[in-house]
Amino acid sequence: MANRSPWIHQLKADRQSVSLSSDVETDVAIVGAGIAGISTAYFLLANTDKKVIILEKGKFARGATGHNAGQIASYFERPFHELVGEFGLERAAEAQLAIESAWGLLDRMYTEAGLTLPLSRFIGHAGLSTLDQVISHLRDNQCRRQAGLRVEAFKVSKDAPFIASIPAEYADLYEVVSKDDIDDLLQTKNAVYHAGLSFQKGCLNSALFCEEMIDFMSKTYPERFALYEHSLIRKVVLRNGVALLDAGKHTVTADRVILCTNGFEGFTILNEGGLAIDTKFHHLVRGMVGYMSAYIEPMNKPPVAISYFEPAPVNADDPYAADPYFYLTRRQFDADGVQGTNLISVGGPEFSLDERMEYTHELEYPDQEKARIDAFVKSTYDTDPNRKIDYQFTWHGLMGYTPSGVRLVGAEPKNPTLLYNLGCNGVGILPSIYGAERISRIVGGEKMPPSIFDPKG
Ligand SMILES: Cc1cc2nc3c(=O)[nH]c(=O)nc-3n(C[C@H](O)[C@H](O)[C@H](O)COP(=O)(O)OP(=O)(O)OC[C@H]3O[C@@H](n4cnc5c(N)ncnc54)[C@H](O)[C@@H]3O)c2cc1C
């Protein structure tokens, strides 16, 4: 099966690309035109007087940005209590607030750029099935409360088989409700879910968001902004406060270069006259391919985002056993001239990329993953046994996991001419936007307080 994403399907088919056709000099060169590169360009243009160009090896938003779940969420890819364990309560709480602040930055982008694409914002939910999952999330809530952060609304069914085993220290962090209440919250009749938690979430087509932002920046900053597509950067040379980017036949000279490449692409970084920068830094980012399927139904329910943490599969050899988890969004979806429909999109199955294996978007979508998603939908969401679901979209994308599970945002300690806003992780929309604004402040000359996003030396 082909890789067919609903987000890319909504982009203009006839948009013209411009590629680099001569040498260029600029204040800032951004490599990568996903949501990180596009948002970084926007905040640099809005917050500084710098001239900014983006260099993209293919077409904009065809990376993770065009192949994700499009769910706006403010959590990290690791439980919050683990971040507290690694970075301390204060730093972890600052980082959590930083990511949540990106909601405001997103609003600012919508308002200033006059964006028209749908953005749904609502309370989303997560369903939990085991005691371990419940305790892990309660520990997160406990840390949040200690740090003075908003806690997640948490409900446990009075009939949960493990309710008597929940440690007493968490007693005031959850409410006991009926199983029906849990089912209503999670919009399921699946008996395995015994608890649910709720927090601010949203839905966005991040590829379409990039398209509208590019149109806005091209119109508003014609002298200071350009996007060059089909312009692969093979090498970055850092030389006394200047960066040279090798784009094949042409060279880009910039005062600052910002890698928004998702952390994977094979290029070389030479730090002339300074300490060697680990040119294999991208190998620090572990690759995971995530699979998703989506179908269309009448628009008879409001938008929602719900994650379902299943019990571990009986077969421990199943590669899925480590993280039995599905995420579902329902949102308005207008395409091909048809309006008034909802798109139900579901992801969950992930596959770890061998370090030697090159990921391409052309890889086949395995029938096995489609069947796994279909089995989840039938057991949990759309349980009409007579309905045959027609999945019009099946797609996959690459997630990069940094060892800490935290995005890299900031200047390279060995040479601040080079900056990063990368390391996508499975939750990357708000972190990319937060990183973009932080980068614009650094480039604007502000001294930023240390954070867990800082690249290490
Ligand atoms: C299956 C899946 C589901 C996800 N679900 C969610 C979700 O629900 N919510 C959420 O917040 N996040 C989600 N994410 C993560 C989110 O999509 C990413 O974090 C985000 O899109 C990353 O944006 P980016 O701009 O950093 O990377 P990308 O979108 O991958 O962009 C990087 C760009 O750099 C270009 N590039 C790379 N190297 C070069 C080079 N040498 N020269 C020129 N160009 C180059 C690439 O072509 C690409 O266009 C998901 C990801 C996947 C894969």
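By convention here, the first residue in the shown sequence is residue 1. Order of listing sets the numbers, starting from 1, for every ligand and every atom in it.
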Just jot down the ligand 1 atoms closer than 4.0 angstrom to any heavy atom of [X], in number order.
X: Val427; answer: 10 (C), 11 (O), 12 (N)
X: His67; answer: 1 (C), 2 (C), 52 (C), 53 (C)
X: Gly397; answer: 53 (C)
X: Val31; answer: 40 (C), 42 (N), 43 (C), 44 (N)
X: Gly63; answer: 29 (O), 30 (O)
X: Leu398; answer: 53 (C)
X: Gly290; answer: 1 (C)

If you count every heavy atom of other residues, nucleotides or ligands that lies below 6.0 Å from Arg139 atom CZ, does the total exceed 12? no
Atom CD of Glu25 with >12 non-hydrogen neighbours under 6.0 angstrom: no
Between [X] and ligand 1, is there a nitrogen or oxygen pair with a distance under 3.5 Å?
X: Gln71; value: yes
X: Ile429; value: yes
X: Arg62; value: no
X: Lys59; value: no
X: Leu232; value: no
X: Gly426; value: yes
X: Ala64; value: yes
X: Lys57; value: yes
X: Ser231; value: no
X: Ile233; value: yes

May I ask you to say whether [X] pairs ionically with [Y], meaning some side-chain N is under 4.0 Å from a carboxylate O?
X: Asp107; Y: Arg121; value: yes
X: Lys59; Y: Glu229; value: no
X: Asp454; Y: Arg438; value: yes

Short question: side chain of [X], backbone of [Y] - any donor-acceptor pair under 3.5 Å?
X: Gln10; Y: Asp334; result: yes
X: Arg331; Y: Pro118; result: no
X: Asn342; Y: Arg330; result: no
X: Ser129; Y: Phe309; result: yes
X: Glu437; Y: Tyr434; result: no

Below 4.5 Å, heavy atoms only, C-beta onward: do [X] and [Y] meet side chain to side chain?
X: Ile433; Y: Ile35; value: yes
X: Leu418; Y: Ile269; value: yes
X: Leu128; Y: His137; value: yes

Here's one to test your reading of the geometry: is the NZ or CZ of Arg78 within 45 degrees of the ring axis of Phe80 and under 6.0 Å from its centre? no
If we set the cut-off at 4.0 Å for heavy atoms, which region of [X] has an atom near ligand 1: side chain, backbone, both, or neither?
X: His396; value: neither
X: Ile72; value: neither
X: Thr329; value: neither
X: Arg407; value: side chain

Any atom of ligand 1 sitting under 4.0 Å from a heavy atom of [X]?
X: Cys260; result: yes
X: Leu422; result: no
X: Ala73; result: no

Closest by any non-hydrogen atom to [atom]: pick that one out of [options].
atom: atom 2 (C) of ligand 1; options: Leu55, Leu430, Asn68; result: Asn68
atom: atom 10 (C) of ligand 1; options: Ala102, Ser345, Gly428; result: Gly428
atom: atom 3 (C) of ligand 1; options: Ala69, Ala61, Gly32; result: Ala69

Using the rule given for side chain to side chain contact (heavy atoms under 4.5 Å, CB included), can you reason through Leu11 versus His9, listing the C-alpha separation, both sets of side-chain angles and the distance that settles it, and then say yes or no? CA-CA 6 Å; Leu11 299 180; His9 187 73; over 6 Å; no
Could you work out, with side chain to side chain donor-acceptor pair (under 3.5 Å) as the rule, every residue matching Thr40, not counting sequence neighbours? Asn421
